[in-house]
Amino acid sequence: MSMVFQEPMTSLNPLFTIGDQIQTVIRRHTGCGRATAKRRAIEALDLMRIPAASARLRDYPHQFSGGMRQRVLMALALACRPELLIADEPTTALDVTVQAQLLDVLREASRELAMSVLFVTHDLAVVADVCDRVTVMYGGQVIENAGVHEMFDRPLHPYTDSLLRSVPAVDDAAERHVLAGNVPSPGSNPSGCRFAPRCAFADDECRAGPPELTVQEAGRSVRCRRAACLNFRRP
Ligand code: SF4
């Protein structure tokens with residue numbers, strides 16, 4: 001299992017070449033010699049489509065662009081061939097074009113290594129682009145779990161519906177939906193449903209006790225008492 005973080009400049013050590021950093025990880029985890037570590041570091045950079053990988057091992061993080069630094073960070077994470085990569089907002093600091101390139105590279109790498117990717121993001125466009133399944137969280141809890149198409153076509157939880165409606169559409173002059181209120185701070189969660197203070201469908205039963213995460217249909221679970229009777233189908 002491996003993890004890649006949001007901001008590559010705070011994750012890479014500016015005082016060491018990227019070759020040093022990748023090879024150190026490989027040697028610590030596998031116990032292999034220098035020559036093998038160097039070969040595997042080059043393979044990892046190649047996998048991330050970093051040109052002239054062998055020569056670039058001698059470069060420092062500041063000699064890479066933002067997008068390339070993020071690729072280096074992914075090469076670092078993939079160097080030991082993990083079965084699962086946890087990618088925590090890895091594209092947030094990048095512009096849209098570089099973000100799309102990075103997602104393509106990541107998709108190819110996951111296929112080549114037969115690796116699962118757990119992608120943590122607030123960007124629904126990225127979710128639609130790269131994910132097979134989606135888990136929506138609110139107030140520290142899973143509130144909906146679904147296949148990506150099902151989630152976008154027919155959200156079952158009022159918060160998921162609000163999230164989808166808050167995305168601005170370029171061809172839509174209508175005012176953007178804004179969900180009023182704030183996420184409760186940890187330690188001051190409501191005793192009932194955590195979403196109740198912001199939910200248009202909340203009733204006394206919702207406020208009385210926390211709803212369980214329950215299976216609604218095959219491959220879908222939702223933490224909402226009224227999920228079965230709400231219909232948020234998209235046009
Ligand atoms: S359980 Fe009630 S308050 Fe919570 S999301 Fe469902 S309808 Fe809204």
Side-chain angles (χ1 to χ4, degrees), residues 1 3-6 84-93 96 99 103 106 110 116-235:
M1 187 190 311
M3 186 156 183
V4 63
F5 296 95
Q6 186 176 122
L84 171 67
L85 176 70
I86 301 172
D88 184 5
E89 302 266 16
T91 59
T92 303
V96 181
Q99 174 178 297
L103 292 177
L106 183 59
S110 89
S116 300
V117 180
L118 176 62
F119 209 98
V120 183
T121 183
H122 65 273
D123 188 332
L124 292 173
V126 171
V127 171
D129 190 20
V130 301
C131 297
D132 299 313
R133 290 196 59 77
V134 189
T135 294
V136 183
M137 299 196 63
Y138 181 85
Q141 290 181 318
V142 172
I143 53 114
E144 181 158 2
N145 208 318
V148 69
H149 297 297
E150 290 75 29
M151 201 274 291
F152 277 94
D153 287 348
R154 190 169 56 93
L156 294 182
H157 194 284
Y159 176 62
T160 313
D161 174 61
S162 264
L163 271 186
L164 295 179
R165 283 195 293 134
S166 66
V167 177
V170 282
D171 57 348
D172 186 0
E175 207 170 301
R176 183 178 169 185
H177 169 72
V178 176
L179 176 61
N182 292 300
V183 180
S185 55
S188 60
N189 287 312
S191 54
C193 173
R194 292 186 182 181
F195 188 58
R198 309 173 75 187
C199 181
F201 307 96
D203 59 16
D204 289 345
E205 201 186 343
C206 298
R207 286 180 273 268
E212 297 292 325
L213 187 68
T214 51
V215 175
Q216 289 291 321
E217 49 197 72
R220 297 202 74 172
S221 49
V222 186
R223 191 185 296 278
C224 174
R225 282 202 174 80
R226 307 186 60 189
C229 57
L230 298 174
N231 183 0
F232 301 120
R233 190 177 285 281
R234 299 275 161 242

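Every number for a ligand or one of its atoms is a count from 1 in the order of the listing. Atom set for the values below is all heavy atoms of this structure, side chains included, hydrogens, waters and symmetry mates excluded.
No side-chain heavy atom of L230 sits under 4.5 Å from any side-chain heavy atom of D161. Using a 4.5 Å heavy-atom cutoff, the side chains of H157 and V136 are not in contact.
Not a single heavy atom of R207 lies less than 4.0 angstrom from ligand 1.
Among protein heavy atoms, atom 2 (Fe) of ligand 1 sits closest to C206 SG, 2.2 Å. In terms of protein heavy atoms, atom 6 (Fe) of ligand 1 is closest to C224 SG, 2.3 Å. Given atom 1 (S) of ligand 1, the protein heavy atom at minimum distance is R225 N, 3.4 Å. For atom 8 (Fe) of ligand 1, the closest non-hydrogen atom of the protein is C199 SG, 2.4 Å.
For H177, the NE2 atom is densely surrounded, since the number of other residues' heavy atoms within 6.0 Å is greater than 12.
The distance from atom 6 (Fe) of ligand 1 to the nearest N/O/S atom of C193 is not under 2.8 Å.
Residue H157 touches ligand 1 through its side chain alone, judged by heavy-atom distances below 4.0 Å.
When the options F201, F152, Y159 are evaluated for a ring-ring contact (aromatic ring centres under 6.0 Å, His included) with F232, the one that passes is F201. Paired with N145 under the rule side-chain contact (heavy atoms from CB on, under 4.5 Å), one option of R133, R223, M151, R220 passes, and it is R133.
Ring-plane geometry between F195 and Y138 is classed as perpendicular, the angle between the planes exceeding 60 degrees on a 0 to 90 degree scale with a lower cut at 30.
Near R226, meaning under 4.0 Å from one of its heavy atoms, ligand 1 places the atoms 7 (S). Less than 4.0 angstrom separates some heavy atom of A202 from each of these atoms of ligand 1: 3 (S).
Using a cutoff of 4.0 Å between basic side-chain nitrogens and carboxylate oxygens, E205 and R225 are scored as salt-bridged.
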